[in-house]
Amino acid sequence: MSGDLGSLFTTSPTMVTWLLLYIVVQRLGELVHASRNTKRLLSEGGVEHGADHYHYFIFLHSAWIGVIALLVDPQHIIHPAMLALFVGTQVLRVWTLASIGRWWTTRIISAPHFDRVKRGPYKYISHPNYLVVVLEIAIVPLMLGLPWVALLFSVLNAILLRHRIGVENDVLGERG
């Protein structure tokens with residue numbers, strides 16, 4: 001970490017800048033895509049479950065990006081192995097989103113007549129998108145020299161995911 005809080009915003013763009021910009025654009029794009037799917041699924045008879053905790057995820061992910069952006073040294077050297085791990089998470093993200101297709105949303109929307117996805121990574125693990133997020137929340141700060149950010153936000157994310165996965169598993173269990 002550099003001694004200058006927010007120095008990312010006052011220096012010329014570096015690899016760190018482009019990486020964080022990618023993450024912000026990717027997250028915003030996902031929110032737009034998820035919002036469209038959510039509206040369509042609700043119009044097809046879906047019901048939202050677990051809405052009471054959704055805003056905590058938005059806050060957590062926004063704070064994660066914000067804290068990294070404020071604390072990161074824009075000149076930090078990104079280790080190739082860490083970058084490869086990050087790229088691997090992005091490949092898993094694309095595979096997950098492509099596999100779940102029209103059913104993917106950042107909210108829990110379900111109805112008895114909705115298909116349950118069992119292809120792609122869903123053949124192997126129940127919640128591949130959550131795995132992607134868990135990995136990213138740890139890998140990105142570690143890659144950027146902020147291990148305490150990785151630890152803090154991993155713990156907070158685990159607390160939220162424990163509840164959310166319970167809600168989601170209950171909802172999926174109703175669909176067989």
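In what follows, residues are counted from 1 in the order of the sequence shown. Model, not experiment: these values are computed from the prediction. Computed over heavy atoms, backbone and side chain alike; hydrogens, waters and symmetry mates excluded.
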Could you tell me the separation between the [atom1] atom of [X] and the [atom2] atom of [Y], rounded to the nearest 0.5 Å?
| X | Y | atom1 | atom2 | result |
| --- | --- | --- | --- | --- |
| E136 | I139 | CD | CD1 | 8.0 Å |
| K118 | I100 | NZ | CD1 | 13.0 Å |
| T89 | L135 | OG1 | CG | 6.5 Å |
| E168 | L161 | CD | CG | 9.5 Å |
| E48 | R107 | CD | CZ | 4.5 Å |
| L146 | L151 | CG | CG | 12.5 Å |

[X] with [Y], same ILVMFWY side-chain cluster at under 4.5 Å:
| X | Y | result |
| --- | --- | --- |
| F59 | I23 | no |
| L41 | I108 | no |
| V24 | F86 | yes |
| I68 | F57 | yes |
| L31 | V94 | no |

Using a 3.5 Å distance criterion without hydrogens, assess whether the side chain of [X] forms a donor-acceptor pair with backbone atoms of [Y].
| X | Y | answer |
| --- | --- | --- |
| H127 | N169 | no |
| N37 | T105 | no |
| H53 | G50 | yes |
| S35 | V32 | no |
| D73 | Q75 | yes |

Quick check on [X]: does its [atom1] atom have over 12 non-hydrogen neighbours (other residues, nucleotides or ligands) under 6.0 Å away?
| X | atom1 | value |
| --- | --- | --- |
| R119 | CZ | yes |
| F9 | CZ | yes |
| R36 | CZ | no |
| L83 | CG | yes |

Check the side chains of [Y] and [X] for a donor-acceptor pair under 3.5 angstrom, ignoring hydrogens and angles.
| X | Y | answer |
| --- | --- | --- |
| Q26 | Q90 | no |
| D170 | H49 | no |
| T106 | Y54 | yes |

With L8 as partner, the option from L71, V72, L70 fulfilling side chain to side chain contact (heavy atoms under 4.5 Å, CB included) is V72
With P74 as partner, the option from L20, D4, T11 fulfilling side chain to side chain contact (heavy atoms under 4.5 Å, CB included) is T11
Is there a side-chain contact between [X] and [Y] (heavy atoms, below 4.5 Å)?
| X | Y | value |
| --- | --- | --- |
| R102 | E44 | yes |
| L142 | V149 | no |
| W18 | P13 | yes |
| W64 | L156 | no |
| T14 | T17 | yes |
| P121 | S99 | yes |
| I109 | F114 | yes |

Correct closest heavy-atom pair for S154 and I137 would be N-CG2, 3.6 Å
Minimal heavy-atom distance between P141 and A138, with the atoms involved, is CD-O, 3.4 Å
- Task: Please assess T96 against Y122 for the test side chain to side chain contact (heavy atoms under 4.5 Å, CB included), listing each intermediate value before the final yes or no.
- Result: CA-CA 8 Å; T96 298; Y122 291 91; 3.3 Å; yes
Review point. Are H61 and V133 close enough, and set up right, to give a side chain to side chain contact (heavy atoms under 4.5 Å, CB included), and what steps lead you there?
Key: CA-CA 10 Å; H61 287 252; V133 172; 3.3 Å; yes
| request: Apply the test side chain to side chain contact (heavy atoms under 4.5 Å, CB included) to residues H79 and M143: give CA-CA distance (whole Å), side-chain angles for both, the deciding distance (0.1 Å), then the verdict. | output: CA-CA 7 Å; H79 192 278; M143 180 171 51; over 6 Å; no
- Should E30 and L97 be marked as a side chain to side chain contact (heavy atoms under 4.5 Å, CB included) after you check the CA-CA gap, both sets of side-chain angles, and the distance that decides it? CA-CA 10 Å; E30 277 191 357; L97 295 180; 3.8 Å; yes
Original post:
Do R164 and Y130 meet the cation-pi criteria used here (NZ or CZ under 6.0 Å from the six-membered ring centre, within 45° of the axis)?
Top reply: no
